[in-house]
Amino acid sequence: MADSAVRVRIAPSPTGEPHVGTAYIALFNYLFAKKHGGEFILRIEDTDATRSTPEFEQKVLDALKWCGLKWSEGPDIGGPYGPYRQSDRKDIYKPYVEKIVENGHGFRCFCTPERLEQMREAQRAAGKPPKYDGLCLSLSAEEVTSRVAASEPHVVRMKIPTEGTCKFHDGVYGDVEIPWDAVDMQVLLKADGMPTYHMANVVDDHLMKITHVARGEEWLASVPKHILIYQYLGLEPPKFMHLSLMRNADKSKLSKRKNPTSISYYTALGYLPEALMNFLGLFFIQIAEGEELLTVEELAEKFDPENLSKAGAIFDIQKLDWLNARWIREKLSEEDFAARVFVWAAENDRLKEGLKLAQSRISKLGELPDLAAFLFKSDLGLQPAAFAGVKASPEELLEILNTVQPDLEKILEWNKESIEAELRAIAERMGKKLKAIVAPLFVAVSGSQRSLPLFDSMELLGRAVVRQRLKVAAQVVASMAGSGK
RNA sequence: GCGCCCAUCGUCUAGCGGUCAGGACGCCGCCCUCUCACGGCGGUAACACGGGUUCGAGUCCCGUUGGGCGUACCA
């Protein structure tokens with residue numbers, strides 16, 4: 001391996017709260033770069049214009065920074081191969097797509113989403129794998145020209161060999177063979193003029209001189225498409241490594257419904273970034289015996305990318321907790337510890353805003369902890385008794401919690417105004433008074449009936465923590481309903 | 001459905017033909033101790049199943065079962 005030339009990247013999509021899975025893949029790339037003395041680059045993949053937002057991008061950057069993963073090139077600091085945000089690179093992709101079309105490796109497709117949906121429906125019904133049927137492949141050159149001239153919406157698809165298999169080597173999976181007939185005629189350029197992931201990814205990795213692509217295993221099946229695009233463009237593909245995904249306790253892909261997956265959740269609860277990295281790093285390093293408390297530097301030393309498991313490992317928060325505890329007591333000096341606590345308490349203005357909210361509600365300063373502690377607690381220790389003052393049956397409570405939880409996910413920008421608006425809408429929809437909705441939420445979020453204003457508190461706690469508390473509350477309430485309280 | 005992949009204690013894993021199947025988290029017990037933690041010591045618990053191959057299989061092969069991922073104008 002030409003160590004000096006190693007360049008790897010993390011390429012997150014800013015379509016939601018920063019995910020621990022992103023940190024997991026980022027850490028792998030970071031360790032890989034560190035191990036080989038290479039460069040670690042950040043690129044924002046926001047080709048999905050409908051879901052990407054600048055706010056999420058900022059959060060992703062902040063979260064990765066919090067993790068301590070420093071990139072040497074990125075949208076915030078620039079670099080020799082910028083810009084590092086795909087939406088800013090829109091014009092860069094055009095010539096590459098054109099080249100593929102001109103060389104007859106791609107074609108324009110005018111099929112509507114509705115037609116494609118029907119087509120796939122029919123294929124599924126017939127027990128066949130859904131694939132583009134190639135309708136627009138047979139369009140005459142004249143027809144294509146005239147329809148393009150009439151600015152009819154269309155996409156560009158890539159052609160796929162009709163027989164044979166795609167063979168390639170993967171750093172984790174070894175030699176892989178995927179038959180071409182299992183590969184669809186992937187869209188390369190969307191109707192809005194934005195490239196798809198596949199197109200943008202290949203062009204950018206080439207232009208940014210990426211040597212090793214390490215990403216989640218969900219991409220393995222797409223490698224043939226990528227290799228083909230490299231071929232069509234006359235480019236040399238990088239080395240691929242597909243990492244096993246972290247799992248929920250039930251082995252499914254780690255998801256926010258079943259686990260706290262938001263990095264901000266771990267920040268809010270007072271996990272140390274070092275501990276989180278330590279924990280994630282353990283997925284890449286097999287410790288047969290001996291010390292598991294490791295810094296990123298130590299992880300890099302022990303890191304062996306040749307020896308990785310293909311089985312997805314379950315995200316075990318208990319082990320994270322153990323590591324975090326050890327980091328707190330063994331790795332921080334008294335001064336460091338105190339400094340961390342202050343920084344943590346001040347995070348997101350929790351302390352300052354919390355005090356403001358509390359001022360009008362206490363008669364003695366000593367009441368403050370009882371009133372505001374829920375802003376800082378990692379576990380409310382919620383008991384069924386806490387709901388005693390709420391006039392609703394367990395079944396009603398459960399219905400409210402289960403309705404509110406998914407609806408809060410729809411809020412784009414998390415602040416007290418949007419939260420209030422959403423809750424009012426829910427109340428109306430359920431035919432209940434706002435108060436009937438808010439009362440149980442109040443308990444779920446704060447753990448008591450006397451506390452700080454709900455909407456403000458929810459904003460301060462952040463979406464991830466609120467999500468988790470509602471989930472816990474739903475469990476508590478469900479146990480009440482189950483026991484026939 | 002089809003394609004690819006995976007399979008050792010509850011969880012993370014070591015093992016690369018011969019081990020009392022090792023370590024770590026968790027859990028339990030004991031010790032330490034003004035409480036609680038921490039720490040120390042000990043315990044609990046696994047080779048998914050069925051066929052082969054072999055003197056010998058957790059380790060190799062085949063099948064079954066279970067699970068995962070993919071199958072988008074999302075990444």
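Throughout, a chain's letter reflects where its sequence line sits, starting with A, and its residues are numbered from 1.
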Selected nucleotide, minimal atom distance to [X] side chain, candidates [options]:
{"X": "A:Glu289", "options": "B:rG39, B:rG23, B:rC25", "answer": "B:rG23"}
{"X": "A:Glu218", "options": "B:rC69, B:rG39, B:rC73", "answer": "B:rC69"}
{"X": "A:Trp322", "options": "B:rA75, B:rC25, B:rC73", "answer": "B:rC25"}
{"X": "A:Lys253", "options": "B:rC69, B:rC74, B:rC5", "answer": "B:rC69"}
{"X": "A:Glu217", "options": "B:rC69, B:rC6, B:rC74", "answer": "B:rC69"}
{"X": "A:Tyr197", "options": "B:rA75, B:rA72, B:rG39", "answer": "B:rA75"}

With rounding to the closest Å, how many angstrom separate the [atom1] atoms on [N] and [M]?
{"N": "B:rU8", "M": "B:rG67", "atom1": "P", "result": "15 Å"}
{"N": "B:rU53", "M": "B:rA21", "atom1": "P", "result": "25 Å"}
{"N": "B:rG43", "M": "B:rC25", "atom1": "C1'", "result": "16 Å"}
{"N": "B:rG29", "M": "B:rC5", "atom1": "P", "result": "47 Å"}
{"N": "B:rG23", "M": "B:rC31", "atom1": "C1'", "result": "23 Å"}
{"N": "B:rA75", "M": "B:rU59", "atom1": "P", "result": "43 Å"}
{"N": "B:rC69", "M": "B:rC61", "atom1": "C1'", "result": "26 Å"}
{"N": "B:rC47", "M": "B:rA7", "atom1": "C1'", "result": "10 Å"}

Hey, can you tell me if [X] and [Y] have their rings parallel, tilted or perpendicular (30° and 60° cut-offs)?
{"X": "A:Trp219", "Y": "A:His226", "result": "tilted"}
{"X": "A:Tyr232", "Y": "A:His105", "result": "parallel"}
{"X": "A:Phe32", "Y": "A:His36", "result": "tilted"}

| Does a donor on one side chain sit under 3.5 Å from an acceptor on the other, for A:Thr261 and A:Asn259? |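 Result is no, nothing qualifies.
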| request: Decide whether A:Glu73 and A:Tyr84 meet the rule of one side-chain donor and one side-chain acceptor closer than 3.5 Å. | output: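 Short answer, yes.
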Give one of base, sugar-phosphate or nothing for [X], where a contact means two heavy atoms less than 4.0 Å apart.
{"X": "A:Arg247", "answer": "sugar-phosphate"}
{"X": "A:Thr15", "answer": "nothing"}
{"X": "A:Val187", "answer": "sugar-phosphate"}
{"X": "A:Cys166", "answer": "nothing"}

[Y]/[X] salt bridge by N-O under 4.0 Å criterion:
{"X": "A:Glu143", "Y": "A:Arg147", "result": "yes"}
{"X": "A:Asp76", "Y": "A:Lys65", "result": "yes"}
{"X": "A:Arg115", "Y": "A:Asp133", "result": "yes"}

Is [N] paired to anything, Watson-Crick or G-U wobble with both distances less than 3.5 Å, and if yes, which nucleotide?
{"N": "B:rC49", "value": "B:rG63"}
{"N": "B:rC27", "value": "B:rG43"}
{"N": "B:rG70", "value": "B:rC2"}
{"N": "B:rA57", "value": "none"}

Atom-to-atom span, [atom1] of [X] to [atom2] of [N] - whole angstrom:
{"X": "A:His242", "N": "B:rG3", "atom1": "NE2", "atom2": "P", "answer": "21 Å"}
{"X": "A:Arg329", "N": "B:rC36", "atom1": "CZ", "atom2": "P", "answer": "16 Å"}
{"X": "A:Lys131", "N": "B:rA72", "atom1": "NZ", "atom2": "C1'", "answer": "15 Å"}
{"X": "A:Leu293", "N": "B:rC25", "atom1": "CG", "atom2": "P", "answer": "12 Å"}
{"X": "A:Asn324", "N": "B:rC25", "atom1": "CG", "atom2": "P", "answer": "15 Å"}
{"X": "A:His154", "N": "B:rC73", "atom1": "NE2", "atom2": "C1'", "answer": "12 Å"}
{"X": "A:Tyr24", "N": "B:rA75", "atom1": "OH", "atom2": "P", "answer": "23 Å"}
{"X": "A:Tyr173", "N": "B:rG68", "atom1": "OH", "atom2": "P", "answer": "14 Å"}

| remark: Of A:Pro129 and A:Asp250, the one whose nearest nucleotide on RNA chain B sits closer to the 5' end is A:Pro129
| task | Name the residue closer to the 5' end of RNA chain B, choosing between A:Pro195 and A:Gly290 according to the nucleotide with the nearest heavy atom. | result | A:Gly290
| query | Side-chain N or O of A:Arg51 less than 4.0 angstrom from OP1 or OP2 on B:rA75? | reply | no
| message | For B:rA75 and A:Thr47 - does any side-chain N or O of the residue sit under 4.0 Å from the phosphate oxygens OP1/OP2? | response |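 Answer is yes, contact under 4.0 Å.
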| query | Aromatic ring centroids of A:Trp344 and A:Phe376 under 6.0 Å? | reply | yes
| task | Keeping to residues at least two apart or across chains, list the side-chain hydrogen bond (donor to acceptor under 3.5 Å, both in side chains) pairs with something in residues 181-191 of chain A. | result | A:Gln186-A:Lys225
Protein-nucleic acid N or O pairs under 3.5 Å, nucleotides 8-13 of chain B:
residue, atom, partner, partner atom, Å
B:rC12, OP1, A:Ile314, N, 3.2

